[in-house]
Amino acid sequence: LVDPANFNYYARVVSLTSVRAALGAFNASEECMAFIDISTAFLQTDRYDESVVKYVKLKDPLGSGETFYFRQLGSLYGERSAPALWERTISTWIVEQGFVQGKNDPCCFYHPLRIFRLTLYVDDLKLISTKANILWLHNLLVKRFETRELVWIEPGVTEDYLGMEISMDCHRNVFVSMQEYSLKLVKYMETEMTQSVSFTTPAPFADNNNEIDETLLDRNQTAQFQKALGCIGWLVSCIRLDLAYTYSRIAQDMSQPNKSSWVRLIHAIKYIKGTSTLAGFIPCKAKGEKPIWTCFCDSDQSSDRSARNQGKCRYGSIVTVHGFPVHYKTQTTSVAMAQPSMGTDGNVCTSSTEAEIYGCSNAATHAMHVSYIAEELGYDFPKPFVMLMDNAAAEVFCNNTASYTRLKHIDLRQQWVALIRNSGIMVPKHIDTKLNLADMFTKGLTGITLQEMTGKVLTKMLPFLNNDDEGL
């Protein structure tokens, strides 16, 4: 009736950073991509050891009043332990086939002899290798598990994976979009949109508190607001990085949304309506071409004067591979601070240089994590990696080639300072602000500036014709 004492119920799924890393580095000229789903996965976990004694209690469905106890031989849907037991079953099986399981993301697997990459999201497997290798694993897989049909990514095929549509054109370029999910969100909110017009900017932000209507939404509207905003959050988490700044700003009001929050949400959804075909683009590379990783960082010194943010600095970073977004972040908290006792939320930056330095430290930790994931997937990541930034003074601080009296309150003994000054890990390099992709995570860009920035990481594709009418 109960699981063993101290049972670990934690079950992991592959991170979206790992998903995008494997997608972005994919080379269609020398490898294939396929997806397979294991049917009723939790019922296919390994049978319990004889030492595990669990029973299922059932009352007689015929109404006799009798109670029956059946010994449970394996996992069942609805059990608290089912996800963890399934993860152990499938992960162990994959390792037994010669794959090395990742440590930084245990749902990433790499077969060094076959050059085979596999990512696991519960019962969904993404396979990247040669066609022969994928067929080899498929033959073994169907002998152990009941599965659905193997789906190959090839011209004319679109596969829904975690809400993302993955497709390939006739030149073997791959696109990652969320058209159907976006349009379902638009349909869910269409009765609230008084005008059918679409916007070219995610949302306007009035940082003057006098322009904000702080009237709280009623209970029903709050629930609708939170559901719609949650959907935007999933778009951002998967591929729509152009919405990241907007989502972060609106989400500050998630617990107590007001009328101004609602206006911004509707504006963002009208933007989504007009940009639903934006997609990540993965070009078909030459045979033997190595992945090209690029890191950007930026910060904004206290321009967000909203009541929720209270002038905190905002930090942004992004790591791309061949221009495809792998990891991106917009945040107001920091791993760097003037001294440890201030805490991650206690910095008041005295200059844009100080903000840029903290932003660089945040970005460096994100880039380091991506490097671990890339290596566990069998890809080379540059050592040291270059961090592109648009503040020359911050670059000088990282290189430790000058001292600044206005920064003397920063304790240089801290680990994060040593990190960004370690030329064996990171090398800072100046870049023009117009080319800094991280700029879109620290400011509410509009017009041509936003379009140009977005165009560097997302591309417009033709709309799919098979959008269904299922709800969110």
Between [X] (side chain) and [Y] (backbone), is there a donor-acceptor pair under 3.5 Å?
X: Ser182; Y: Met178; answer: yes
X: Ser299; Y: Glu356; answer: yes
X: Arg114; Y: Gly98; answer: no

Residues 366-380, side-chain donor-acceptor partners within the protein, below 3.5 Å, at least two apart:
| residue | atom | partner | partner atom | Å |
| --- | --- | --- | --- | --- |
| His366 | NE2 | Gln331 | OE1 | 3.1 |
| Ser371 | OG | Met368 | O | 2.5 |
| Glu375 | OE2 | Lys383 | NZ | 3.4 |
| Glu376 | OE1 | Lys103 | N | 3.4 |
| Glu376 | OE1 | Asn104 | N | 3.2 |
| Glu376 | OE1 | Asp105 | N | 3.4 |
| Glu376 | OE2 | Lys103 | N | 2.8 |
| Glu376 | OE2 | Asn104 | N | 2.9 |
| Glu376 | OE2 | Asn104 | ND2 | 2.9 |
| Tyr379 | OH | Arg117 | NE | 3.4 |

In terms of side-chain heavy atoms, does [X] have a donor or acceptor partner in [Y] at a distance below 3.5 Å?
X: Ser261; Y: Asp253; value: yes
X: Arg314; Y: Ser248; value: yes
X: Gln301; Y: Ser352; value: no

Exercise for the section: Flag this pair as yes if the NZ/CZ of Lys131 is under 6.0 angstrom from the six-membered ring centre of Trp152 and inside a 45 degree cone about the axis; otherwise no. Expected result: yes
Handout entry: Residue pair Cys398 / Cys360: nearest heavy atoms and the distance that separates them
Key =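 Looking at all heavy atoms of both residues, the closest pair is SG-SG, 3.8 Å.
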Practice task
Using a strict cut-off of less than 4.0 Å between a Lys/Arg side-chain nitrogen and an Asp/Glu carboxylate oxygen, indicate whether Asp37 and Arg148 qualify as a salt bridge.
Solution key: yes
Exercise for the section: Would you mind checking if Asp46 and Arg144 are paired as a salt bridge, meaning a charged N to carboxylate O distance below 4.0 Å? Expected result: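 Salt bridge between Arg144 and Asp46, a charged N being under 4.0 Å from a carboxylate O: yes.
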Problem - From CA spacing to verdict: side-chain contact (heavy atoms from CB on, under 4.5 Å), Met389, Lys429 - result: CA-CA 6 Å; Met389 58 185 69; Lys429 184 178 180 180; over 6 Å; no
Exercise for the section: Could you go through the salt bridge (charged side-chain N to carboxylate O under 4.0 Å, His left out) check for Arg240 and Asp242 one step at a time? Expected result: CA-CA 5 Å; Arg240 289 296 302 271; Asp242 56 316; 2.8 Å; yes
Exercise for the section: Check step by step if side-chain contact (heavy atoms from CB on, under 4.5 Å) holds for Thr89 and Gln44. Expected result: CA-CA 8 Å; Thr89 296; Gln44 300 192 62; over 6 Å; no
Exercise for the section: Using the salt bridge (Lys or Arg N to Asp or Glu O under 4.0 Å) rule, collect all pairs that involve residues 315-330, keeping only residues at least two apart or in two chains. Expected result: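 Every candidate salt bridge (Lys or Arg N to Asp or Glu O under 4.0 Å) pair involving residues 315-330 fails, so no pair, neighbours aside, qualifies.
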Exercise for the section: Mind telling me whether Phe381 and Trp293 have parallel, tilted or perpendicular rings, with 30° and 60° as the class edges? Expected result: tilted
Exercise for the section: Specify whether Phe441 and Tyr328 have parallel, tilted or perpendicular ring planes, treating 30° as the upper limit for parallel and 60° as the lower limit for perpendicular. Expected result: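 If you compare the ring of Phe441 with that of Tyr328, the planes turn out parallel.
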Practice task
Only counting residues at least two apart or in another chain, list the ones meeting ring pair (Phe, Tyr, Trp, His ring centres under 6.0 Å) with Trp262.
Solution key: none
Practice task
Look at atom CD of Glu146 and say whether more than 12 heavy atoms of other residues, nucleotides or ligands are closer to it than 6.0 Å.
Solution key: no
